[in-house]
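Okay, so here's the structure we're looking at.
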Number of protein chains: 2
Amino acid sequence: MERSRTAYVILGILAFEDHQSGYDIRKTVECSVGYFWGESYGQIYPTLKRLVAEGLIKPSPPSATARTKRQLYCITPAGRQCLQGWLAMPYRDDPPRDEFLLKLFFGQEAAPGVSIAHLRTFQAKNRRWLATLLDLEKLARANNSTQPGFPFWMLTLSFGLAQLRSAIDWSESALAMLAAAESSAPWQLPGAEGSSQG
Amino acid sequence: MERSRTAYVILGILAFEDHQSGYDIRKTVECSVGYFWGESYGQIYPTLKRLVAEGLIKPSPPSATARTKRQLYCITPAGRQCLQGWLAMPYRDDPPRDEFLLKLFFGQEAAPGVSIAHLRTFQAKNRRWLATLLDLEKLARANNSTQPGFPFWMLTLSFGLAQLRSAIDWSESALAMLAAAESSAPWQLPGAEGSSQG
DNA sequence: ACACACATGTAATTGGTTACATGATTTC
DNA sequence: GAAATCATGTAACCAATTACATGTGTGT
């Protein structure tokens, strides 16, 4: 019963905006749930066919005004029901995987400066994300605030903002700590030449 | 050059504590980086063999006091160097994947109460994690505070604590919001019978 | 006609989990 | 010596990415 979650993402996206192509769906995913979910074409197109075969979505007839051959889809009642069923099931936690934290954890084994560099990258990425989400928020408030799903979108958005702010704050103090430690005590590395001066 | 990260996790673990078996390593992973990384046996054992073949780790001879046949390993100088090389490379961001947020995002399509239930689960899980990390922190401060890697461990730990606290705070307000919305306006679902009172 | 971006699709690969099978140690 | 747990390993499977191949529309 439990299949690839790509199917449900597609259903979810089509549920609040019908008549999208695979390409459209990918883009919609990117700029709505992109902060916490991703889908690739290699996953989307096959799934679209399967969903059609199962009657959960159907190709929508090209509208009179359409001047391209792109295949658009819309969700069927069965599709909505399927989506609803999935939503009601307990969510599953994907295995945690954060390579940044992993490298930081092993920081003692790294050459001097490595962890600081990672931290700076991390900080920059998080700031960029923060800016993106803030833009998105403004945009959403302006254009979509009457949509029925709006409160839920805002919820996930505010989660992202909170996490990012907390991550950025943490990275500040972490950087301060590492910088202080490095200048005061350029620690020995078991197998690295201790030459690079502070 | 870039291979499965399992290899580096193993190297990293052995780098600060030698003479561990595959089983040990798994356990060590779980209770050190478990908050943000996981490894399965199916991944660890084959990798151990490969690492031996490549000379990055080696089986340690059973000590005189050992009374079991478990195979222990230690890291070689080449292994340390390999680890160091990997640590110095930019970390890669794994594709984001958070099913909880996904379901919350589609909350409008869900039956009443579903999102609230997910939120409560989320909150409970986060509180449990928080307790776990706090325990871990106490333990680490008591036993390992003189270890050279300690500052880095604390860094990842404090990151986890900050993220969890922010997540819990958010979940409080999110729950409040949803509860208010549900009681004031039990919204219509497009395809659900609108019977359930309150 | 040509170039370029838009759009769709597929095949190969992979990193990883799960489930299963089995052996070794301890405990009662 | 039977049961329970510790420990090692493998085989099957799977979701998902990547790279690639190709078609389609648009602007010049």
* To do: Could you check how far NZ of Lys49(B) sits from P of dA7(D), rounded to whole Å?
  => 18 Å

* What's the CG-P distance between Asp94(A) and dC14(D), to the nearest Å? -> 17 Å

* Distance, rounded to the nearest Å, where Arg50(A) contributes CZ and dA16(D) contributes C1' -> 13 Å

* Which ones in residues 15-26 of chain B lie close to DNA chain C, meaning a heavy atom under 4.0 Å from one of its atoms? -> none

* Can you tell me how far the CZ atom of Phe105(A) sits from the CZ atom of Phe36(B), to the nearest 0.5 Å? -> 6.0 Å

* Asked: Once you round it to whole Å, what is the distance between P of dT18(C) and OH of Tyr41(B)?
  -> 13 Å

* Asked: Out of dT17(C), dT8(D), dT10(D), which nucleotide sits closest to the side chain of Pro95(A)?
  -> dT17(C)

* Kindly assign one of parallel, tilted or perpendicular to the pair Phe106(B) and Phe16(A), based on the angle between their ring planes and the thresholds 30° and 60°. => tilted

* Asked: If we ignore angles and hydrogens, is there a donor and acceptor under 3.5 Å between the side chains of Ser21(B) and Asp24(B)?
  -> yes

* To do: Report the distance from atom CG of Leu139(A) to atom CG of Leu134(A), rounding to the nearest 0.5 Å.
  => 12.5 Å

* **Separation of atom CD in Gln71(A) from atom P in dA7(C), rounded to whole Å** => 14 Å

* **All side-chain hydrogen bond (donor to acceptor under 3.5 Å, both in side chains) counterparts of Lys125(B), not counting sequence neighbours** => Asp93(A)

* **Gap between atom CG of Leu56(B) and atom CG of Leu48(B) - 0.5 Å precision** => 11.5 Å

* Structure fact -> Out of dA7(C), dT10(D), dG15(C), minimum distance to the side chain of Gln43(B) belongs to dG15(C)

* To do: Check the distance between dG25(D)'s P and Arg70(A)'s CZ and give it to me in whole angstrom.
  => 11 Å

* Structure fact -> In numerical order, the residues of residues 28-40 of chain B whose heavy atoms come under 4.0 Å of DNA chain D are none

* Please report, rounded to the nearest Å, how far the P atom of dA16(D) is from the OH atom of Tyr8(A). => 12 Å

* First encountered from the 5' end of DNA chain D, between Arg97(B) and Tyr45(B) -> Tyr45(B)

* Asked: Between the side chains of Gln84(A) and Arg80(A), is a donor N or O closer than 3.5 angstrom to an acceptor N or O?
  -> no

* Asked: Do Thr28(A) and Glu17(A) have a side chain donor and acceptor closer than 3.5 Å?
  -> no

* Shortest non-hydrogen separation from Gln163(B) to Tyr35(B) and the atoms involved -> CB-OH, 3.9 Å

